[in-house]
Amino acid sequence: MEKNGNNRKLRVCVATCNRADYSKLAPIMFGIKTEPEFFELDVVVLGSHLIDDYGNTYRMIEQDDFDINTRLHTIVRGEDEAAMVESVGLALVKLPDVLNRLKPDIMIVHGDRFDALALATSAALMNIRILHIEGGEVSGTIDDSIRHAITKLAHYHVCCTRSAEQHLISMCEDHDRILLAGCPSYDKLLSAKNKDYMSIIRMWLGDDVKSKDYIVALQHPVTTDIKHSIKMFELTLDALISFNKRTLVLFPNIDAGSKEMVRVMRKKGIEHHPNFRAVKHVPFDQFIQLVAHAGCMIGNSSCGVREVGAFGTPVINLGTRQIGRETGENVLHVRDADTQDKILQALHLQFGKQYPCSKIYGDGNAVPRILKFLKSIDLQEPLQKKFCFPPVKENISQDIDHILETLSALAVDLGGTNLRVAIVSMKGEIVKKYTQFNPKTYEERINLILQMCVEAAAEAVKLNCRILGVGIGGGIIHQHELIHGSSFCAAELGHLVVSLDGPDCSCGSHGCIEAYASGMALQREAKKLHDEDLLLVEGMSVPKDEAVGALHLIQAAKLGNAKAQSILRTAGTALGLGVVNILHTMNPSLVILSGVLASHYIHIVKDIIRQQALSSVQDVDVVVSDLVDPALLGAASMVLDYTTRRIY
């Protein structure tokens, strides 16, 4: 075993309640099954899996060659609010015997269904560790409340998106027990599209149907507004009948209101309509192929806004059931689906389009990360979970804004004249700043930086700030994310070499941008001029107790000192050439220059881009940052971005 503190296998219980959660749990189950030297797997099946009206979907678990350890009939029929509550109660009555018999080390629970809440409640009260899949997400119905309730009961969390991870942290969950893995179903989705899909399409929709010329419809009741969701389903069916395309309609889930939705289907003759195929269940492998090659998917199922984005298939998301989800550009929301015409217009807009594939919810490597995470669980650690509340002293209120503000970083700015260290909060506010004159030697600088960081860290405790790390450096932002690189050294832009025979750089090389254009480089050149009595011009003076620095060089250039002007022009040219290299490598849409020297360099940089860059990148915007202390804020962002996510 890797870290769990035992010499025995980790006994994992996976409990699945319905066809939807099995599509997420199955890849994990297959992964566990391939490593019998580390894990023992027990499978518990309950909920709608065992109901004929919903397809007896437990059979697909058997077809996947999993031994079902326990079958629990936990659904009280009625498909209304009371039946849902009674089903939770029935599950709570039956689960203790099962868990006492299996004695798992950890139970894996998925999502936000009422059955999952019963599972998590039982395991938590019986002192069984819980791993919750897909916590931290936001949809828009009662599911949110159930999902977050399970989060509070769970000991470990596997989330699918950066936003979900941030939500869990904001909910005071222990960051060390959160894994940003991606959605397990994406492991199968991203390798599925090249299979023989036409035979699957013909099997479910008929021999005369072509790829991209049919619709998949999947709509569930909204338990907080059942009457409206039934009316919306009726309008959806009317719109689909008018649109006159072959449509595969899946029966709704078992939530309150589903019985009424089935009545609407039968009232409109959907099961016998020549354009419709109404089914209770489609195996997930086949369902993937059907949505991947559909002309459109319509409804309010989470798979429409999550999984279908992996194929770029157009989606029409109806109503509020998934309104809080992160989505790709393939999703068109019809929030107030209150008329047939509005839904019909959405069908005309979306049908047959092809959008870029989205990987918001995963990159296809979730299962290896989850298995590694499971192996790292130490069963010797105390079972009682701890919440990461920030320290509370005096009358400081304990709310989410305060929690986020206390997560902070130390930012270091190595200027030509001064060294600066600041405590920067998650909101980008400089809580406190420290400034010291920059010593002459390398050893003195390092010692002073350490001393300033220690002083700032001690002060941070008094200021109720939790320091997550120390940041130094430039940055490249791609798709709203800071690039860190394989060893967290990406974007060392100051050490791009722009001349093979340039001046020595502090990094040990020579000809780097930093050797030409940094504050310390300009300070070096200013001192040379001053030592040769070539710096000062009329209107300038440097007090004897004041060190010569970059600002004196700039002042001399403004007053007409030709040598100072030449040094600044050379420095700006070096910076400009570095920017051109970045443009040719990364093709960014925006270049931001920051610091006290930025305004003196920007015009030279723009000139070099016009002279040296390819025409395809010459239109890039180059601007001077209008932030206060951008160097400190940028350095802090290096820490805050990385330390608030977790990826194996």
Side-chain angles (χ1 to χ4, degrees), residues 19-20 53-55 196-221 229-253 257-301 303-305 307-308 311-319 321 330-334 337-355:
R19 65 190 181 197
D53 286 350
Y54 294 90
D196 177 21
Y197 57 88
M198 283 308 303
S199 61
I200 296 172
I201 293 173
R202 294 189 189 103
M203 179 173 66
W204 290 99
L205 287 143
D207 293 336
D208 57 336
V209 177
K210 298 178 181 178
S211 176
K212 299 296 181 184
D213 197 37
Y214 61 90
I215 297 169
V216 175
L218 178 52
Q219 199 157 331
H220 302 301
S229 64
I230 293 168
K231 178 64 176 176
M232 183 170 62
F233 185 54
E234 188 173 2
L235 294 172
T236 302
L237 294 178
D238 289 339
L240 288 168
I241 292 169
S242 298
F243 196 64
N244 199 31
K245 287 288 182 182
R246 191 68 56 84
T247 302
L248 180 71
V249 180
L250 279 83
F251 276 59
N253 64 20
S258 60
K259 186 184 292 184
E260 288 82 356
M261 291 179 72
V262 173
R263 288 196 189 106
V264 169
M265 288 174 60
R266 289 174 175 157
K267 178 182 176 184
K268 294 185 177 293
I270 295 300
E271 291 171 291
H272 306 290
H273 194 289
N275 262 356
F276 288 83
R277 299 290 186 272
V279 298
K280 295 176 181 178
H281 167 66
V282 178
F284 186 64
D285 286 351
Q286 298 175 27
F287 182 74
I288 290 172
Q289 301 299 329
L290 290 169
V291 297
H293 299 92
C296 179
M297 182 173 181
I298 187 170
N300 62 5
S301 170
C303 74
V305 297
E307 282 83 359
V308 178
F311 308 113
T313 302
V315 171
I316 300 169
N317 180 49
L318 301 174
R321 189 171 184 265
N330 65 311
V331 178
L332 174 64
H333 294 284
V334 185
D338 50 3
T339 67
Q340 175 186 334
D341 183 64
K342 191 181 291 186
I343 300 171
L344 195 57
Q345 289 297 321
L347 284 165
H348 284 293
L349 285 171
Q350 286 287 77
F351 186 80
K353 286 186 176 180
Q354 180 62 46
Y355 289 93

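Count residues from 1 along the sequence. The model shown is predicted, which means the values in this text are computed figures rather than measured ones.
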Nearest heavy atoms of [X] and [Y], plus distance in Å:
| X | Y | answer |
| --- | --- | --- |
| Thr313 | Ala294 | CG2-O, 3.6 Å |
| Val216 | Leu290 | CG2-O, 4.1 Å |
| Asp207 | Arg202 | OD1-CB, 3.7 Å |
| Ile201 | Val209 | CG2-CG1, 4.0 Å |
| Val331 | Gly304 | CG2-O, 4.3 Å |
| Gln350 | Val315 | NE2-O, 3.0 Å |

Roughly how far, to the nearest 0.5 Å, is the [atom2] atom of [Y] from the [atom1] atom of [X]?
| X | Y | atom1 | atom2 | answer |
| --- | --- | --- | --- | --- |
| Leu344 | Lys342 | CG | NZ | 13.0 Å |
| Gln289 | Ser199 | CD | OG | 8.5 Å |
| Asp213 | Cys296 | CG | SG | 12.0 Å |
| Leu205 | Asn275 | CG | CG | 10.5 Å |
| Tyr197 | Met203 | OH | CE | 15.5 Å |
| Leu248 | Phe287 | CG | CZ | 8.0 Å |

Student check: side-chain heavy atoms of [X] and [Y] closer than 4.5 Å:
| X | Y | result |
| --- | --- | --- |
| Thr247 | Ile241 | no |
| Ile316 | Ile343 | no |
| Pro252 | Val262 | yes |
| Pro221 | Asn253 | yes |
| His220 | Met261 | no |
| Phe251 | Met265 | yes |
| Glu307 | Ile288 | no |
| Pro314 | Tyr355 | yes |

Practice item. Return yes when atom NZ of Lys210 has more than 12 non-hydrogen atoms of other residues, nucleotides or ligands closer than 6.0 Å, and no otherwise. Key: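 Not buried by this count: 12 neighbours or fewer within 6.0 Å.
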Check your understanding: Which pairs, with at least one residue in residues 231-242 and sequence neighbours excluded, count as a salt bridge (charged side-chain N to carboxylate O under 4.0 Å, His left out)?
Key ->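 Every salt bridge (charged side-chain N to carboxylate O under 4.0 Å, His left out) pair that includes a residue of residues 231-242, provided the two are not neighbours, is Glu234-Lys268, Asp238-Lys268.
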Check your understanding: Going through the checks in order, is the side-chain contact (heavy atoms from CB on, under 4.5 Å) test met by Arg246 and Asp208?
Key -> CA-CA 10 Å; Arg246 191 68 56 84; Asp208 57 336; 3.0 Å; yes
Exercise for review: For Tyr214 and His293, run side-chain contact (heavy atoms from CB on, under 4.5 Å): C-alpha distance rounded to whole Å, both residues' side-chain angles, the deciding distance at 0.1 Å, then the answer.
Suggested key: CA-CA 9 Å; Tyr214 61 90; His293 299 92; 3.7 Å; yes
Exercise for review: Determine, step by step, whether Met297 and Cys303 satisfy the side-chain contact (heavy atoms from CB on, under 4.5 Å) criterion, reporting the C-alpha distance in whole Å, the side-chain angles of both residues, the deciding distance to 0.1 Å, and the verdict.
Suggested key: CA-CA 10 Å; Met297 182 173 181; Cys303 74; 3.3 Å; yes
Check your understanding: Is there a side-chain contact (heavy atoms from CB on, under 4.5 Å) between Leu347 and Leu240 once you walk through the steps?
Key -> CA-CA 8 Å; Leu347 284 165; Leu240 288 168; 4.0 Å; yes
Check your understanding: Would you call the rings of His348 and Phe243 parallel, tilted or perpendicular, where under 30° means parallel and over 60° means perpendicular?
Key ->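 It falls in the perpendicular class, over 60°.
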